[in-house]
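Working notes, beginning with the structure itself.
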Amino acid sequence: MLAIGCDHGGLELKNHIIAHLKEQGIECKDFGTYDENSCDYPDIAENVCGAITSGECESGILVCGTGIGMSIAANKIKGIRAALCTDVYSAKMTKQHNNSNVICLGGRVTGRELAFMIVDTWISEKFQGGRHQNRIDKISKLEK
Ligand code: RB5
């Protein structure tokens, strides 16, 4: 199960991503926001990342205006490796090398079709382990 969330700046793109994934049979648990009213992206990041660290969801998608605020907030949470992606290559590599468990997108930056390609790539790629696991272990040590 994928967790997904957005602020008002990412609402439109989030709704398109949910529909796109549903067409492929991938269900998302939607942590809001659900309307255009202004809200604070750290609150949404906290809820989506909490679902991941609790084990309720395997990974998550966060969308704000730029994707930057969401990625900064998500990466404060222990156990979260959030990657802001604006291109398909980065989406592929961040799963293979960083085993990112959250992908962040900018609803005011990345167009719908490119966002779909980024998300599809990130979901389908696999972590390569090996030397990359060693590096992730070092990232985990930085959390202490
Ligand atoms: C909201 O206006 C905007 O600041 C937010 O969506 C995001 O871009 C922050 O990084």
Side-chain angles (χ1 to χ4, degrees), residues 1-128 132-133 135-144:
M1 173 72 87
L2 268 171
I4 193 163
C6 67
D7 72 354
H8 51 289
L11 180 67
E12 192 180 342
L13 181 58
K14 182 196 73 173
N15 287 337
H16 286 308
I17 291 170
I18 291 171
H20 172 74
L21 292 175
K22 197 170 184 178
E23 279 175 18
Q24 301 174 56
I26 300 171
E27 289 295 332
C28 297
K29 181 160 184 188
D30 186 358
F31 287 83
T33 189
Y34 305 108
D35 60 40
E36 302 277 359
N37 294 324
S38 182
C39 67
D40 298 332
Y41 56 80
D43 298 334
I44 306 294
E46 184 180 16
N47 291 338
V48 166
C49 293
I52 297 166
T53 56
S54 73
E56 181 189 359
C57 294
E58 195 184 327
S59 54
I61 300 169
L62 287 170
V63 192
C64 64
T66 59
I68 296 171
M70 284 292 197
S71 63
I72 292 171
N75 279 312
K76 297 288 182 195
I77 297 168
K78 193 174 177 181
I80 295 299
R81 294 178 301 282
L84 169 58
C85 291
T86 55
D87 66 277
V88 173
Y89 177 77
S90 297
K92 176 176 174 169
M93 299 316 288
T94 190
K95 184 59 84 63
Q96 289 189 358
H97 288 190
N98 315 127
N99 200 18
S100 48
N101 49 11
V102 172
I103 191 165
C104 302
L105 295 154
R108 296 172 181 158
V109 176
T110 303
R112 186 193 313 182
E113 294 299 327
L114 176 56
F116 292 167
M117 290 175 75
I118 288 170
V119 168
D120 290 348
T121 299
W122 184 73
I123 288 173
S124 63
E125 286 296 330
K126 297 274 176 282
F127 177 50
Q128 288 181 342
H132 303 296
Q133 183 60 56
R135 292 162 186 167
I136 286 171
D137 292 344
K138 289 189 176 185
I139 291 173
S140 299
K141 280 188 190 160
L142 296 175
E143 292 175 330
K144 291 182 185 112

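Note that ligands are numbered from 1 as they come in the structure, with each ligand's atoms numbered from 1 the same way. Here the structure is a predicted model, which means the values were calculated and not measured.
Nearest heavy atom pair, residue Leu11 against residue Tyr34, reads CD1-C, 4.0 Å.
Dense packing is recorded around CD of Gln24, with more than 12 heavy atoms of other residues, nucleotides or ligands lying under 6.0 Å away. Heavy atoms of other residues, nucleotides or ligands lying less than 6.0 angstrom from CE of Met117 number 12 at most.
At least one donor-acceptor pair under 3.5 Å links the side chain of Asp87 to the backbone N or O of Ser90.
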For ligand 1, output the ligand-protein N/O contacts shorter than 3.5 angstrom; if there are none, return none.
from     : atom 1 : to     : atom 2 : distance (Å)
ligand 1 : 2 (O)  : Arg108 : NH1    : 3.4
ligand 1 : 6 (O)  : Asp7   : OD1    : 3.3
ligand 1 : 6 (O)  : Asp7   : OD2    : 2.6
ligand 1 : 6 (O)  : Gly65  : N      : 2.7
ligand 1 : 8 (O)  : Gly65  : N      : 3.2
ligand 1 : 8 (O)  : Thr66  : N      : 3.0
ligand 1 : 8 (O)  : Thr66  : OG1    : 3.2
ligand 1 : 10 (O) : Thr66  : OG1    : 3.3
ligand 1 : 10 (O) : Gly69  : N      : 2.9

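A search for side chain to side chain contact (heavy atoms under 4.5 Å, CB included) contacts involving Arg108 returns His8, not counting sequence neighbours.
Of the candidates Thr33, Ile61, Ile4, Ile4 is the only one forming a side-chain contact (heavy atoms from CB on, under 4.5 Å) with Lys14.
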